[in-house]
Undergrad: 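Let me give you the structure first, and then I'll get to my questions.
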Amino acid sequence: MSKPLFLFAKISFPALFLLLVLFLPLQIISQNLHDERSILLDVKQQLGNPPSLQSWNSSSSPCDWPEITCTNNTIIAISLHNKTIREKIPATICDLKNLIILDLSNNYIPGEFPDILNCSKLEYLLLLQNSFVGPIPADIDRLSRLRYLDLTANNFSGDIPTAIGRLRELFYLFLVQNEFNGTWPKEIGNLANLEHLVMAYNNKFLPSALPKEFGALKKLKYLWMKQANLIGEIPESFNNLWSLEHLDLSLNKLEGTIPGGMLMLKNLTNLYLFNNRLSGRIPMTIEALNLKEIDLSKNYLTGPIPTGFGKLQNLTSLNLFWNQLSGEIPANISLIPTLETFKVFSNQLSGVLPPAFGLHSELKRFEVSENKLSGKLPQHLCARGALLGVVVSNNNLSGEVPKSLGNCTSLLTIQLSNNCFSSEIPSGIWTSPDMVSVMLSGNSFSGALPSRLARNLSRVDISNNKFSGPIPAEISSWMNIGVLIANNNMLSGKIPVELTSLWNISILLLNGNQFSGELPSQIISWKSLTNLNLSRNKLSGLIPKALGSLTSLTYLDLSENQFSGQIPSELGHLKLNILDLSSNQLSGMVPIEFQYGGYEHSFLNNPKLCVNVGTLKLPRCDVKVVDSDKLSTKYLVMILIFALSGFLVVVFFTLFMVRDYHRKNHSRDHTTWKLTRFQNLDFDEHNILSGLTENNLIGRGGSGKVYRIANNRSGELLAVKRICNNRRLDHKLQKQFIAEVEILGTIRHSNIVKLLCCISNESSSLLVYEYMESQSLDRWLHGKKQRTSSMTSSVHNFVLDWPTRLQIAIGAAKGLRHMHEYCSAPIIHRDVKSSNILLDAEFNAKIADFGLAKMLVKQGEADTMSGIAGSYGYIAPGKTIKALFSTCFHFHNL
Ligand SMILES: *[C@@H]1O[C@H](CO)[C@@H](O)[C@H](O)[C@H]1NC(C)=O
Ligand SMILES: *[C@@H]1O[C@H](CO)[C@@H](O)[C@H](O)[C@H]1NC(C)=O
Ligand SMILES: *[C@@H]1O[C@H](CO)[C@@H](O)[C@H](O)[C@H]1NC(C)=O
Ligand SMILES: *[C@@H]1O[C@H](CO)[C@@H](O)[C@H](O)[C@H]1NC(C)=O
Ligand SMILES: *[C@@H]1O[C@H](CO)[C@@H](O)[C@H](O)[C@H]1NC(C)=O
Ligand SMILES: *[C@@H]1O[C@H](CO)[C@@H](O)[C@H](O)[C@H]1NC(C)=O
Ligand SMILES: *[C@@H]1O[C@H](CO)[C@@H](O)[C@H](O)[C@H]1NC(C)=O
Ligand SMILES: *[C@@H]1O[C@H](CO)[C@@H](O)[C@H](O)[C@H]1NC(C)=O
Ligand SMILES: *[C@@H]1O[C@H](CO)[C@@H](O)[C@H](O)[C@H]1NC(C)=O
C-alpha cells in the first residue's frame, strides 16, 4: 500500500501529479499523521529504542515504516512480529485512535496482559509467543470489536474470564499452550461467529467437561482441544455443530460413547478422538461423507467397525488401533478410492481380510496385526505401487504370501510373524530396494536363505519356520544386516567364514538348526556382535579363540553341540552376561574368570571340565594331586581367609547400603517396584534389577547411570537408565512422570529410541530402552576412541566420515520432525544435544531422553538441567495446525 498517494488523490493534473511523486520524500504529512508519528516515536522510546525499529524517525512518514499500515491518512495496523522487543507495551499505543490490527507476536514481552483495552477499534490482537503471565483481564470485552485473538504460547494463567463470551465478533480464538489453571466459561458458546476455537495443550486446566453450550457454535469449523484436561462425555449437542470440519479432542480423559449424530456432520473432514476413554460402539449411522481422516485409536471402543465407514469416499486414513473392536472388517472399506492408511491393530477383529484392499486406492500403510483374522493375505495390496508396510503379525492368516508383493518396490517393512503362512516367500521381498525389515517368524515358510539382500535391509527374523539348506557364501554381501534371527529352522551345512564378515551384525541367532562341522577359526569382522546363539546344532571341533576378541559380545550360547577341547582362555576377557557352553564335550580347566558366581549353569553336562578355585559345582582340576582328606593346612587357611574376607566385604557392603538407603528413604523401609510396559515384553523386572551390577555399567550422566543388560530369554541387549530421585517425587509429579513416559512409550519411529518399559519405585526409576550399539554421537564427536580389538579390520576405527555425519544429521532431524509434527502428541525435546543422539549399529541416529528433561527440571534442583536451550515451549502455529491434521505414521517394531 503506497500510503502517501492519498494526499494527492484529488489532484487531477497528471503532470503535477508526476512531479509530486518524484518529490515524494519531501512531502509534508498531515497533522493527524504528525501526531500519530509522535505517539509511535514515544512508544519506540519506551520500548528502549530497539534496533529493529531504526526506520522509525522523525523525518519520514510513519506510513513508510515497514511495520505500519495506514489507510485514509491514519494508522490502522502495527506489526511488531519478531522485533526482539523485551519491554512492556506502553498504554499510549491506544492513542492511535484508529488502530485495528496489533501484532506483537514472537517477542520477549514480559508482564501481564498489555494495557491496551483502550484501543477500542481493535479487531485483531496477536500476542502469541511472548512471555506474558497472569490472567486475561476480566474486562477484556472492552475490546468490543475484537474478531481475532491469539494468545498461544505464553504463560497466561488463572481462569478464562466470562467476558470473553461477550466478544460477539470473535471468529478466531487461539489460547494454545499456556499455564491456565482454572476453567473456561460456558459463555464461549455465545460466540455465534466463532469459527476457530483452539485451547489445545493446556493440561493445567482444572478437569472440566465440555459444556453442552458449545453445541450452539453453528459456524465453528475447528475445534481443537487436545490435551486440555477434558473429562466426562462428549455432549449430544455436538451433533449440531453443522459447520465442523476438524474436531480434535485427543489426549484427554473423555468417557462414554461418541454421540451418534456426530458421524452425520456433513462438513466434518477430520475426527480425532484418540487417547481418551471412549467406550461403547461406534455409531452405525455415518453421513459425514467428507471425512478424510478418522483417528479413534487408543480408546475402549467395542462392537464392530460400522459398515457405514465404507461410504466415506474421501477417507484417506482410518485409525482404530488399540481398541476392543470385534467382528469382521467391512468389505466396502477396501473399495474406498482414497484410502491410504488402514490401521486397526490390537483389536479382536475376526474373519477374513477383504480381498480388494489395495486395488482401488493407493494403499500405503496396512496394519492389522494382533487380531484374530484368518484366511489369506489380500492379493493386490501393492497394486498401485505405493505400499510402504504390511504389518499383519499375530493373527491366524494362512496360505501363500501373494507373489505380487515380490514386485512391490515401495515396501519398507513386511511383518508376518506368528500366523500360519506356508510355502516360499516371493524372492523379490528380499531385494526390494527400500526394504528395512522382514519379520516372518512363527510360520511354516520354507525355502532357502537368499544370496542377496536389499541394501538397507537390517533386520531379518525368520525364526520358527522351515527354512532349509545352507548359509550361502554370498552372505558376505548382506552388508547392512544388523539382526539375523533364524533359530528353529532346518538350516544345515557348515557355518561359512563369510558369515563372520558381517561387520554390522549385532544379533545372530542360529540355534535349533542342523549346522555341522567346525566354526571358522578366523573371524573377519563381527565387530558389533553382541548376541551369538548357536546352540542345539551339530557343531563340533574347537571353540575358536577368535571369539575372545569380540569385545561387544555379552551373550554367547554354544550349548547342545559337540564342541570339544579346551575352552579358550581368551573367552575370559569378554564381559559376558550370559554364557552357556553346557551339553558339549569340552574338557580342561574353565577360564578363571568364569569360576566365580553367575556361571553356575554355563558348563553343565561337560564331564571333562574342571575348576581349581571358585564356587562352581565342577570337579577340581587338582583332585588327583591333592586328596580331599589331606588338604594342606596352607590351602585351608587360604580358603578360610578368602571366605572370611568375602563375608566381611558382604557385611560392610550391606551395612553401607542399608545406611545409604535409610538416608535416601527415611520414611520407607521396603520398596515395591512397579513395571509399566509399552509393548509385549519377554523379560520382567527381576531380569532388569538383577542386572544392575557394576559389571554392566556402561555410562553415567547428569541424571543417572546407564547399564547394559541382556534379556535373559532372548539375549537381546537392553539399555537401562537408572534415575535416582534425591527426594521422593511427590505423588502428582510421579503421575506426570508416568504419563509422560507413557507417551514416549507409544512412539514408534526409526529415529527415536524405543522405550520398552519403565520400572519405578519411590526412590528411583528405571527406563528400559533398546540397546544402541554405537552409543551416543557425543562419544564419536568428542569422546575417547572406540575400544579397539586385536582383530579389527581398518573399517572400524574410522572417525565419522562426512556421509555418515550427514546421515546422522538427517536421521536426527527426521526424529525431531516426527516428534513435532506427526505424533499424536507433539513433543518438545528441549534438550537436544549430541549425547542425546544415539547411534545404532548402522549409525542411524535415534533421539533419546526427550520429555524427561522437563520432568527432571520440575522436581529437582535447577542444576540437574542447566543446559536447556531455546525459548520455552515454542510451537510454531503453522506447525501445530499441521500436527492437528496429521497422524502418527508408525510401524510396529520398525
Ligand atoms: C528515516 O527513515 C527513513 C526510512 O524510514 C530513511 O530513509 C531515512 O534515511 C531516515 N532518516 C534519518 C535521518 O535517519
Ligand atoms: C476512507 O475515508 C472515506 C471517507 O472518509 C471512506 O468512505 C472510506 O471508506 C475510507 N476508507 C477506508 C479504507 O477506511
Ligand atoms: C526473527 O528475526 C531474526 C532477525 O532479527 C531472524 O534471524 C529470524 O529468522 C526471525 N525469526 C522468525 C521466526 O521469523
Ligand atoms: C483509557 O481511557 C480512559 C477514558 O478515555 C482514560 O480515563 C484512561 O486513563 C485510559 N487508560 C489508559 C491506561 O490509558
Ligand atoms: C513460563 O512457564 C514455564 C513453565 O512453567 C517456566 O519455565 C517459564 O519460566 C515461565 N516463563 C515466564 C516468562 O514466566
Ligand atoms: C494459578 O496460577 C497462578 C500463577 O501461577 C497462581 O497464582 C494461582 O494461585 C493458581 N491458581 C490455582 C487455582 O491454582
Ligand atoms: C456446511 O456448513 C454450512 C454452513 O457453514 C451449511 O450451510 C451447510 O448446510 C453445511 N453442509 C452440510 C452438508 O451440512
Ligand atoms: C469427496 O469426494 C467427492 C467425490 O467422490 C468429491 O466430489 C468431493 O469434492 C470430495 N469432497 C472433498 C471435501 O474433498
Ligand atoms: C512382476 O513383474 C514382472 C516384470 O515387471 C512381471 O513379468 C510379473 O508378471 C510381475 N509379477 C506379478 C505377480 O505381478
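First listed ligand is number 1; within each ligand, the first listed atom is number 1.
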Undergrad: Any idea how Phe238 and Phe214 line up, ring-wise: parallel (<30°), tilted (30 to 60°), or perpendicular (>60°)?
TA: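 Ring orientation, 0 to 90° scale: parallel.
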Undergrad: Heavy atoms only: which of Asn155, Ile109, Asn130 is nearest to atom 8 (C) of ligand 5?
TA: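 Residue with the shortest heavy-atom distance to the ligand atom: Asn155.
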Undergrad: For atom 11 (N) of ligand 6, decide whether some protein heavy-atom distance is shorter than 4.0 Å.
TA: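 Under 4.0 Å from atom 11 (N) of ligand 6, at least one protein heavy atom found.
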Undergrad: Just list the side-chain donor-acceptor pairs under 3.5 Å for residues 44-52, sequence neighbours left out, or say none.
TA:
unit_1: Lys44; atom_1: NZ; unit_2: Leu53; atom_2: O; d: 3.2
unit_1: Lys44; atom_1: NZ; unit_2: Trp56; atom_2: O; d: 3.0
unit_1: Gln46; atom_1: NE2; unit_2: Asp42; atom_2: OD2; d: 3.1
unit_1: Ser52; atom_1: OG; unit_2: Lys83; atom_2: O; d: 2.7

Undergrad: Any side-chain donor-acceptor pair under 3.5 Å between Asn57 and Ser60?
TA: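 Yes.
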Undergrad: Which atoms from ligand 5 have a heavy atom of Val133 less than 4.0 Å away?
TA: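 Once the distances to Val133 are compared, the set is 14 (O).
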Undergrad: To which of Asn82, Asn106, Asn107, Thr84 does the heavy atom nearest atom 6 (C) of ligand 3 belong?
TA: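 It is Asn82 whose heavy atom sits nearest to atom 6 (C) of ligand 3.
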Undergrad: Return the residue, atom name and 0.1 Å-rounded distance of the protein heavy atom closest to atom 4 (C) of ligand 6.
TA: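 The closest one turns out to be Ser157 OG, 3.7 Å.
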Undergrad: Output the list of atoms in ligand 5 that are nearer than 4.0 Å to some heavy atom of Ser131, sorted by atom number.
TA: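 Within the 4.0 Å cut-off of Ser131, ligand 5 contributes 13 (C).
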Undergrad: Could you name each residue pair satisfying disulfide (SG to SG under 2.5 Å) that touches residues 96-151, not counting sequence neighbours?
TA: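 Passing the test, one end in residues 96-151: Cys94-Cys119.
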Undergrad: Between the main-chain N or O of Leu175 and the side-chain N or O of Asn202, is there a donor-acceptor pair closer than 3.5 Å?
TA: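 The answer is yes, because a donor-acceptor pair under 3.5 Å joins these two groups.
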Undergrad: If the plane angle is over 60° it's perpendicular, under 30° parallel, otherwise tilted; pick one for Phe274 and Tyr272.
TA: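 The rings of Phe274 and Tyr272 stand perpendicular, inter-plane angle above 60°.
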Undergrad: Checking a contact table here: which protein heavy atom is nearest atom 13 (C) of ligand 6, and how many Å away?
TA: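 Looking only at protein heavy atoms, the one closest to atom 13 (C) of ligand 6 is Asn181 O, 4.1 Å.
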